[in-house]
Structure formats: structure tokens, C-alpha cells
Number of protein chains: 2
Amino acid sequence: MLEEDSKLGFPMRLHEIASLLRVKPPSALNIVKRLQEKGLAKTRDGMIALTEPGIRTAKSILLVHRTYESLLCQSGASKNSACQEASEVDFIIPEEDARKILRKIGDPKYCPHGKPIPDGD
Amino acid sequence: MLEEDSKLGFPMRLHEIASLLRVKPPSALNIVKRLQEKGLAKTRDGMIALTEPGIRTAKSILLVHRTYESLLCQSGASKNSACQEASEVDFIIPEEDARKILRKIGDPKYCPHGKPIPDGD
DNA sequence: TAATAACGTTAGTATGATACTAACGAGTGT
DNA sequence: ACACTCGTTAGTATCATACTAACGTTATTA
């Protein structure tokens, strides 16, 4: 469960990150360095991978994203607008708040797009 | 209704704004100018006031704030943490989303602190 | 009335975040 | 041996934002 999610494409080449983020490699390197300083990413065999805390953080953002998406859809929003709006706040809303909301909206197991919502973990 | 809210202390002196925002007057002026460029504020008799769109925007943010606060409290959060978290997102979440959420959580008329949640207007 | 204080405003400066280009070095494959 | 790709570094540019210092206008007050 969440197997594909927790990897999120990692480990990844710097070039891939750059093109995913639509920036040049030096900018991507800057970003990766900042992640490393926070202990969220590491370099291994020339590839960039998430550390354990990095994976946890990524999962946490996914949890928030999918929870908020679900809330919006249950409230009558379309899947696509819900996803967009969720992207605006998924890195801001604390996981604990999302877990509370999740419980309130009936502990759905999947987001409106059918992707799994991480649980206890 | 919302009479006190819609004013929010405006019209206000630049100095008051500066001290509320904890910046120096030149910085406050810069902020006010940007609000003016967006048509949200105006100067009148040496005082800074919100324009009609400015008031609507302020009310919209209040709606979002109090809605999200209510959601969090209904979900089991404390008033204070709810208020804090709401402040992180009240200027990001679109009013339309908040209105949908508001309906879903039972159209409360007041936020957890007892302040009115703006309705149709 | 003259001096002073308060306020808003301007100009110039500093900082931090973030992106870029250009150039270099190491490793890879033809 | 050469060319390519990749990561990296250094230097530069831009933008947002805050600040200080100085100035002019208005209001207050001695």
C-alpha cells in the first residue's frame, strides 16, 4: 500500500528533478541541497533519494492532499478543482489537522482519484 | 451583522497599520500602495480606508477563516490551534471552497470563538 | 507667532530567496 | 581518443521586502 507513492519516482537523477520542476540543473541542485540540509534527501550512487524522514514527509503531504481533496469533493467540488486547491495547501496544513478532518469525513480510504490515503503507517 | 468585522479598524492611520503589522511606516506605506494598486484600499482625509472591493475581500477572508476554524473544531481541534491554523490558509483557500465546506459542516452561524460567519451578504 | 512634534513620503540601501548562464571536470560510450 | 552527458561551481540578475535617513507639511503648543 502506498508503495508507488512512497517512492514518488525516487531515486531520481538531478536532470529529472530539474525537468519535473521546470528549472535548470543548478537550480535543482540548490533545491536538493536544501532538502539535504533538512535531512530529507540524500545522494547515493549519483542518484538523489529520499531519506526516511523525507519519505515520511512526502507521505504526510500526500495524506493532507488527499484528505483535503476528499473533503472538497464530499462538499460538492469537482475532482479536478479539488486537486488543484489541495495543491495550494497540502504543504501548509499540519498532518494532525488532516487526520482529524479525515476522521470527521468518514475515514475514506481513497481520494477522489482513487489513490490510497495513507493511514497509521 | 459583521458590522464590526467589515470595518476591521478602518479607516486607519498609516502609523497604526505599521504598528499592527510590526513594520516601519515606509514598509507599511509600500503595503498600502500595493493594496491601492489592486483597488482594495484608498486614502481619504489622510486616513487609509478599504474600498468596496477591499471590504468584500476582507469579508471573504473572514468567511474562510471562520469556516476552517469551525471545521477544525468540529473535528476535535482546540479553538486556539484551529485559529492559528486557519490563519495559515485563510488567504489561500478560495471563498467558493469555503462555502461548500460550510454547507457540509452544517452551516454554523458562528465560529468557535463566537464571531459571526458571513453569509450571502 | 515661532518653535516643536507628528506624520507621511521619498530616496537610497541591505538582505534573502531564487533563477539563470557559462564554464569546468569526471565518467561513459563510440 | 573524442565527444557526450551529467553534476557542479562561480558569478550574475531579479524580485520582494525591510530598513534608515532626510525632508516637507500640518498641527500643536509655549
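Letters A, B, ... mirror the listed sequences (proteins, then strands); counts begin at 1.
If you take NZ of A:K33 and C1' of C:dA17, they are 15 Å apart, rounded to a whole angstrom. The separation between A:L29 atom CG and D:dG11 atom C1' is 15 Å, rounded to whole Å.
Here the shortest heavy-atom pairing between A:K24 and A:A18 reads C-CB, 4.0 Å. In plain terms, the two heavy atoms of A:C111 and A:I117 that are nearest each other are N-CG1, 3.7 Å.
A heavy atom lying under 4.0 Å from DNA chain C marks the following residues of residues 11-20 of chain B, by number: B:R13, B:L14, B:H15.
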Base versus backbone protein contacts along nucleotides 14-21 of chain D [heavy-atom cut-off under 4.0 Å; B, S, -]: ---SSBBB

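In this structure, NZ on B:K79 lies 7.5 Å from SG on B:C73, to the nearest 0.5 angstrom. Taking CD1 of B:I92 as the start and CD1 of B:I61 as the end, the distance is 10.5 Å to the nearest 0.5 Å. A distance of 10.0 Å separates CD of B:E88 from CG of A:D97, quoted to the nearest 0.5 Å. Between the CG atom in B:L35 and the CG atom in B:L50 there is a gap of 8.0 Å [rounded to 0.5 Å]. Taking CG from A:L62 and CD1 from A:I55, the interatomic distance works out to 12.0 Å, rounded to the nearest 0.5 Å. Put simply, OG on B:S75 and NZ on A:K100 are 8.5 Å apart, with the number rounded to the nearest 0.5 Å.
Counting heavy-atom neighbours within 6.0 Å of B:K104 NZ, excluding the residue itself, gives a total above 12.
With respect to the salt-bridge test (charged N to carboxylate O, under 4.0 angstrom), the residues B:E37 and B:K33 do not qualify.
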What nitrogen or oxygen pairs link the protein and nucleotides 23-27 of chain D at under 3.5 Å?
none

